[in-house]
Amino acid sequence: MLNGKTAIITGASRGIGRAIANIFAENGALVGINYIKSDKKAKDLFNQIEQSGGKAILLKGDVSKQKDVENILKTFTSKTKKIDILVNNAGIYERSNFENISYDRWNKVISTNLTGSFNLCKKAIAYMKAGGKIIFISSQLAFKGSLHGADYASSKAGLLGLMRSLALELASKKINVNAIAPGTIDTDIIANYSKEIRKKRINEIPLKRLGTPNDIAYTCLFLASNMSDYITGETINVNGGLYIH
Ligand code: NAD
């Protein structure tokens, strides 16, 4: 589905980003694996993709830092000359109530989850001359709000505003811009959930299971492929029925 396409995926060394990188590579894309710290995990993914006949480029860097993003784009485009697909997936989440959110933490969450995506879009669009696809990984909490993460919910709601605005602005350049709002997906980001919270979450989900990284990756594949060429400015909710719009 993505033969000949080039794709950058942020935060791709583990979890949802890793699943997206794998599925994109299996479908013929050359994938740029952005990661911030985990050299080993990123290299393992790189080797796994190359050994299966796919193509990948390692892109170390912090999406919240403009200089890092410039380097990420430079490394990628010096080899590919173009970007067809950008998946803004990198994100952080810590549970705590509003009173315990310090200014430092607020700034870190916004600069990673929201400004990080802004940084990538800012630089990547110039390389999408033949059109392209931009996909944001938001969250159901953008709609519901969060009891234990006002900073996170705000950043994820902000992404939807950015997504809709870019969809309007970039339509004339044949760049489709969409978002995915995952429900509760079984990755490291929810590793600090106690057994009780986990059980409670599963019980609340009509499909009676947590989502898997592949549930999100397949939706992302659809949005990255030409099967979704007439969709822009949309958010696809992938949440097992937990929050039906
Ligand atoms: P994860 O913690 O496994 O993955 C997040 C990735 O982002 C990690 O690899 C991390 O190193 C990377 N990252 C963090 N800060 C970064 C930075 N400054 N620069 C570059 N990379 C950075 O969690 P995940 O569940 O795979 O999350 C992926 C995305 O999905 C996140 O945006 C998250 O908010 C979103 N999401 C997850 C869930 C869920 O339940 N797991 C639900 C809704 C949305």
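Everything numeric here is computed off the predicted structure, so don't read it as measured data. Counting starts at 1 for both ligands and their atoms, following the listed order.
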| message | For S96 and R105, which I'm curious about, is there any donor-acceptor pair between the side chains at under 3.5 Å? | response |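 Side chains of S96 and R105: pair found under 3.5 Å.
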| said: Would you say N214 and T212 are linked by a side-chain donor-acceptor pair, where the criterion is simply a distance under 3.5 Å? | reply: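 The criterion, which ignores hydrogens and geometry beyond distance, is not satisfied for N214 and T212.
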Side chain, backbone, both or neither: which applies to [X] and ligand 1 if a contact is any heavy-atom pair less than 4.0 Å apart?
| X | result |
| --- | --- |
| T187 | side chain |
| S138 | backbone |
| T112 | side chain |
| I92 | side chain |
| R18 | neither |
| I216 | neither |

| task | Would you mind reporting whether L223 and I236 have side-chain heavy atoms less than 4.5 Å apart? | result |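 They are in contact (side-chain heavy atoms under 4.5 Å apart), so the answer is yes.
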| query | Which residue, N178, D229, N226, forms the side-chain hydrogen bond (donor to acceptor under 3.5 Å, both in side chains) with K133? | reply |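 Among the candidates, only D229 passes.
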Under 3.5 Å between some N or O of ligand 1 and some N or O of [X]?
| X | answer |
| --- | --- |
| N89 | yes |
| K156 | yes |
| I16 | yes |
| A12 | no |
| S139 | no |

Are any of the side-chain nitrogens in [X] or [Y] under 4.0 Å away from the carboxylate oxygens of its partner?
| X | Y | result |
| --- | --- | --- |
| K40 | D44 | yes |
| D62 | K67 | no |
| E204 | K200 | yes |
| D68 | K60 | no |

Pull out every atom of ligand 1 sitting under 4.0 Å from any heavy atom of [X], numbered as shown with elements.
| X | answer |
| --- | --- |
| Y152 | 33 (C), 34 (O), 35 (C), 36 (N), 43 (C), 44 (C) |
| G61 | 19 (N), 20 (C) |
| P182 | 42 (C), 43 (C), 44 (C) |
| N34 | 20 (C), 21 (N) |
| T184 | 40 (O) |
| S13 | 9 (O) |

| Selected option - heavy-atom contact closest to atom 35 (C) of ligand 1, from D186, D68, I137 |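 Among D186, D68, I137, the closest heavy atom to atom 35 (C) of ligand 1 belongs to I137.
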| query | Hey, what do you get for CD1 (I180) to CE (M163), rounding to the nearest 0.5 Å? | reply |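 If we round to the nearest 0.5 Å, I180:CD1 and M163:CE are 10.5 Å apart.
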| query | Hey, what's the ring geometry for F143 with H245, parallel, tilted or perpendicular (30° and 60° as the breaks)? | reply |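 Answer is perpendicular, since the angle exceeds 60°.
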For [atom], grab the closest protein heavy atom and report residue, atom and distance to one decimal in Å.
| atom | value |
| --- | --- |
| atom 40 (O) of ligand 1 | I185 N, 2.8 Å |
| atom 23 (O) of ligand 1 | I189 CB, 3.3 Å |
| atom 18 (N) of ligand 1 | D62 OD1, 2.7 Å |
| atom 8 (C) of ligand 1 | R14 NE, 3.8 Å |

| Donor-acceptor contact present, side-chain N34 to main-chain G11, <3.5 Å |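 Yes; at least one donor-acceptor contact below 3.5 Å.
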